Trainee: 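Pasting a structure here, questions to come.
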Amino acid sequence: MKELVEVIAKSLVDDPASVVVTEEEDDRQITLGLTVAPDDMGKVIGKQGRIAKAIRTVVRAAGGVKTDKKIMVDIK
C-alpha cells in the first residue's frame, strides 16, 4: 500500500523528491501518512478534496483485497 500511495503522489506533484510515505500498523488498522512539499499540498488535495478522496478510495479498494484491516490515508 505504501508504494501505491507513493507512486500516485509522485505523479501529481512538482517536487517528487519531497514525497514521504510512512506506515503505521496496529491490530485493527493501517495508517499511511503522506507528506509533500507545502507548494504541492493543493495538488494532492484537489478542489474540494476530490483528489484526496480518490487516493483514499483507491487505497481502500486495493487494501481490502489483501487484508481485513481498515486502511487510512493521512495527508500532512
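If you're wondering where the values come from, they're calculated on a predicted model, not measured in any experiment.
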Trainee: Tell me, with the steps shown, if Ile30 and Met1 meet side chain to side chain contact (heavy atoms under 4.5 Å, CB included).
Mentor: CA-CA 9 Å; Ile30 299 170; Met1 291 301 102; 5.7 Å; no
Trainee: Determine whether Glu25 and Lys69 make a side-chain contact, defined as any pair of heavy atoms from C-beta on separated by less than 4.5 Å.
Mentor: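 Side chain of Glu25 against side chain of Lys69, heavy atoms only: contact under 4.5 Å found.
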Trainee: On a heavy-atom basis, which atom in Leu34 and which in Ala9 lie closest, and how many Å separate them?
Mentor: CD1-CB, 3.7 Å
Trainee: Ile71 versus Gln29: any side-chain heavy-atom pair under 4.5 Å?
Mentor: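 Answer no - side chains too far apart.
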Trainee: Between Met41 and Ile75, which heavy-atom pair has the shortest distance, and what is it?
Mentor: SD-CG2, 3.8 Å
Trainee: Atom OG1 of Thr35 and atom CG of Asp74: how far apart are they, to the nearest 0.5 Å?
Mentor: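 Spacing of OG1 (Thr35) from CG (Asp74) equals 8.0 Å.
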Trainee: Between Val13 and Val44, does a side chain to side chain contact (heavy atoms under 4.5 Å, CB included) hold up when you go through it step by step?
Mentor: CA-CA 7 Å; Val13 299; Val44 173; 3.7 Å; yes
Trainee: Group every Ile, Leu, Val, Met, Phe, Trp and Tyr by side-chain heavy-atom contacts under 4.5 Å, then state whether Val21 and Val58 land in the same group.
Mentor: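 Yes; tracing contacts between hydrophobic side chains, which count when under 4.5 Å, links both residues.
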Trainee: When rounded to the nearest 0.5 angstrom, what distance separates CG in Asp15 from NZ in Lys43?
Mentor: 10.0 Å
Trainee: With Glu6, which residues qualify under salt bridge (Lys or Arg N to Asp or Glu O under 4.0 Å), at least two apart?
Mentor: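 Once residues adjacent in sequence are excluded, the partners of Glu6 under the salt bridge (Lys or Arg N to Asp or Glu O under 4.0 Å) criterion are Lys10.
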Trainee: Going through the checks in order, is the side chain to side chain contact (heavy atoms under 4.5 Å, CB included) test met by Val59 and Val5?
Mentor: CA-CA 7 Å; Val59 170; Val5 173; 3.5 Å; yes
Trainee: Measuring only between side-chain heavy atoms, which start at C-beta, is Ile51 closer than 4.5 Å to Leu12?
Mentor: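 Answer yes - side chains close enough.
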Trainee: Quick one: closest heavy-atom pair of Ile8 and Ile55, and the distance?
Mentor: CG2-CG1, 3.8 Å
Trainee: Members other than Met72 in its cluster, when Ile, Leu, Val, Met, Phe, Trp, Tyr link by side-chain heavy atoms under 4.5 Å?
Mentor: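 Listed partners: none, Met72 stands alone.
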Trainee: Can you establish whether the number of heavy atoms outside Asp68 located under 6.0 Å from its atom CG is more than 12?
Mentor: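 No - once you tally the heavy atoms of other residues, nucleotides and ligands closer than 6.0 Å, there are 12 at most.
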